[in-house]
Asker: 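Below is a structure I'd like to ask you about.
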Amino acid sequence: MVIFAQHLFNPIMAQILNDISRTFSEYLLIPGLTTEECNPANISLKTPLVKFKKGEKAQIYLNTPFVSAIMQSVSDHKMAIALARNGGLSFIYGSQGIETQVEMVNKVKTFKAGFVVSNANLTPEHTLNDVIKLKEISGHGTIGVTEDGTSQGKLLGIVTGRDYRVTRESPETKVKEFMTPFSKLVTGEFGISIGEANDIIWDNKLNCLPIIDKDQNLMYFVFRKDYQNHKANPNELSDDNMKLLVGAGINTRDYKERVPALLEAGVDVMCIDSSDGFSVYQKETIEFIKTSYGEHVKVGAGNVVDRDGFLYLAKAGADFVKVGVGGGSICITREQKGIGRGQATALIEVAEARDQYFRETGVYVPICSDGGIVQDYHMVLAMAMGADFIMMGRYFARFDESPTRKLIVNGNYMKEYWGEGSNRARNWQRYDMGGGENLKFEEGVDSFVPYAGNLKDNLEITLGKIKSTLSSCGVVNLDDLKQNAKITLVSSTSIIEGGAHDVVVKDSRSTN
């Protein structure tokens, strides 16, 4: 009886961390010396997306340090195209069937490319009626005419809108009678660079350049409009063949089926989508991918909020690690489970662990700050605290390119925005702890966000603010920011001081 009592009252308790769980709003940046070099035009926001060894370069860099959240209400193919064209990257949401996710990845990879595989082709014996039907189905105005009608058959000519007039020719007219024949085509030799192809286009005033091999087989088309589009989007995130980069979310349940399908579609990077990344299931998923497909296949993991979580995933082979639990605007994980940590505190600790891991192993594993962004300046704080890039949902959900409906709510235009842990999304895999296949309770809400217009215009404003802030800090790139920025805690009264106060602000709608 005495022994039982001693066991019963043995003083055992949880480990208590004495540090305060802090948010970005509790910090400000201290200005540094702004030199002539610190001009916004000179500031680079390029940043590594995936891990690399000391002295080497990462396989993938972002030109804009933003990725869109792995959410139904944020990241589909339209968002992926728009963000990649502006230097960032989207992770197309995984809480959908494998086939539909693969289809979205395909749409991004074939949206535009320097070297385009022709998927609109006919033979010389087809008719004008076939041309019209194929144009309607494919949406392409340039049709390759090959010996066998395939995308890589022997090129015999091309058909564009300039080669026929529907009102003047019979629908039964053979393609060979009105196509531009091979003898009149300017072509490029398979193996030339995209720069050389564009030079041929400009020198010969072409809209389209067929690329052929030594046997006259059609390999690709290169289009003038793609060059012009690239010039209009100088930060565009694309590969050597000018194909846009795209990511995809995966889970720890069906990864053995989903991953190979995504790789076949050409996905550039994947990320395990989970509210809690400090999990044996993530380790198993990473190890399967790396063992089955090799180190060149890139996969991020998360989310974590401390040193232990980061090291677990880094040692498992993650190519980047996401930081943040419960800080998203539609996330109620902290409210429901009491799990999480202030985003600033979490990020600072994980960044310190990442830097130590780099010193000890020579491997740099980028970290992604996911959640807690309320103001644009929070983005700079996140990167100054060590984040290599930032994942955002609410920010991107406001734009035309997000997949949700635009509605009028109380007289204002709004966009729908819901969490992956909401009953609407039913993404039980994201919150899977090895139990049954259902969502036990909600960890996200269904909401609206104010409609903001198109992505490009809003992103330019945000990036302008960030570059101006870096200039005020006296730095010209994100590495400089991490190493040299000075950050201070602020009191509640100094937060009030930082905004308009002790004045009556005019309503801009009623003044000139």
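Here, residue 1 is the first one in the sequence, and each next residue gets the next number.
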Asker: Is it true that Asp457 and Asn454 share a donor-acceptor pair across their side chains at a distance under 3.5 Å?
Answerer: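 Per modelled atom types, Asn454 and Asp457 side chains form a pair under 3.5 Å.
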Asker: My understanding is that only residues two or more places apart in sequence, or in another chain, count here; which of them pass salt bridge (Lys or Arg N to Asp or Glu O under 4.0 Å) with Glu264?
Answerer: none
Asker: Quick one: does any side-chain atom of Thr34 pair with a main-chain N or O of Ser471 as donor and acceptor, under 3.5 Å?
Answerer: yes
Asker: Only counting residues at least two apart or in another chain, list the ones meeting ring-ring contact (aromatic ring centres under 6.0 Å, His included) with Phe448.
Answerer: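 Result, ring-ring contact (aromatic ring centres under 6.0 Å, His included) vs Phe448: none returned.
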Asker: Kindly write out the residues that satisfy side-chain contact (heavy atoms from CB on, under 4.5 Å) with Ile201, not counting sequence neighbours, or none if the list is empty.
Answerer: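 Checked Ile201 against side-chain contact (heavy atoms from CB on, under 4.5 Å); matches are Asn198, Leu206, Leu209, Val222, Arg224.
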Asker: Under the rule for salt bridge (Lys or Arg N to Asp or Glu O under 4.0 Å), what residues qualify as partners of Lys486, not counting sequence neighbours?
Answerer: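 Scan of Lys486 (salt bridge (Lys or Arg N to Asp or Glu O under 4.0 Å), adjacent residues dropped) gives none.
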Asker: Which one of Met71, Met391, Met270, Met79 satisfies the side-chain contact (heavy atoms from CB on, under 4.5 Å) criterion with Phe91?
Answerer: Met391
Asker: Only counting residues at least two apart or in another chain, list the ones meeting side chain to side chain donor-acceptor pair (under 3.5 Å) with Asp199.
Answerer: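 With sequence neighbours excluded, Asp199 shows a side chain to side chain donor-acceptor pair (under 3.5 Å) to no residue whatsoever.
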Asker: Answer yes or no: are there more than 12 heavy-atom neighbours, outside Gln483 itself, under 6.0 Å from its atom CD?
Answerer: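 Atom CD in Gln483 is packed in, count exceeds 12.
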Asker: Restricting to pairs with a member in residues 392-411, which pass ring-ring contact (aromatic ring centres under 6.0 Å, His included), not counting sequence neighbours?
Answerer: Tyr395-Phe399
Asker: Return the set of residues passing side-chain contact (heavy atoms from CB on, under 4.5 Å) with Lys465 (not counting sequence neighbours), or none when no residue passes.
Answerer: Asp376, Ile461
Asker: Check this for me, if you would: do Lys109 and Asp268 make a salt bridge, where the nitrogen-to-carboxylate-oxygen distance has to be below 4.0 angstrom?
Answerer: yes
Asker: Quick one: list whatever passes side-chain contact (heavy atoms from CB on, under 4.5 Å) with Glu37, sequence neighbours left out.
Answerer: Thr35, Val476
Asker: Please enumerate all residues that pass salt bridge (Lys or Arg N to Asp or Glu O under 4.0 Å) together with Arg354, with sequence neighbours excluded.
Answerer: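 Asp388.
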Asker: Under the rule for side-chain contact (heavy atoms from CB on, under 4.5 Å), what residues qualify as partners of Ile348, not counting sequence neighbours?
Answerer: Tyr27, Glu352, Met385
Asker: Excluding sequence neighbours, so at least two apart, what forms ring-ring contact (aromatic ring centres under 6.0 Å, His included) with Phe66?
Answerer: none
Asker: How would you list, by chain and number, every residue that makes a salt bridge (Lys or Arg N to Asp or Glu O under 4.0 Å) with Lys51, sequence neighbours excluded?
Answerer: Glu295
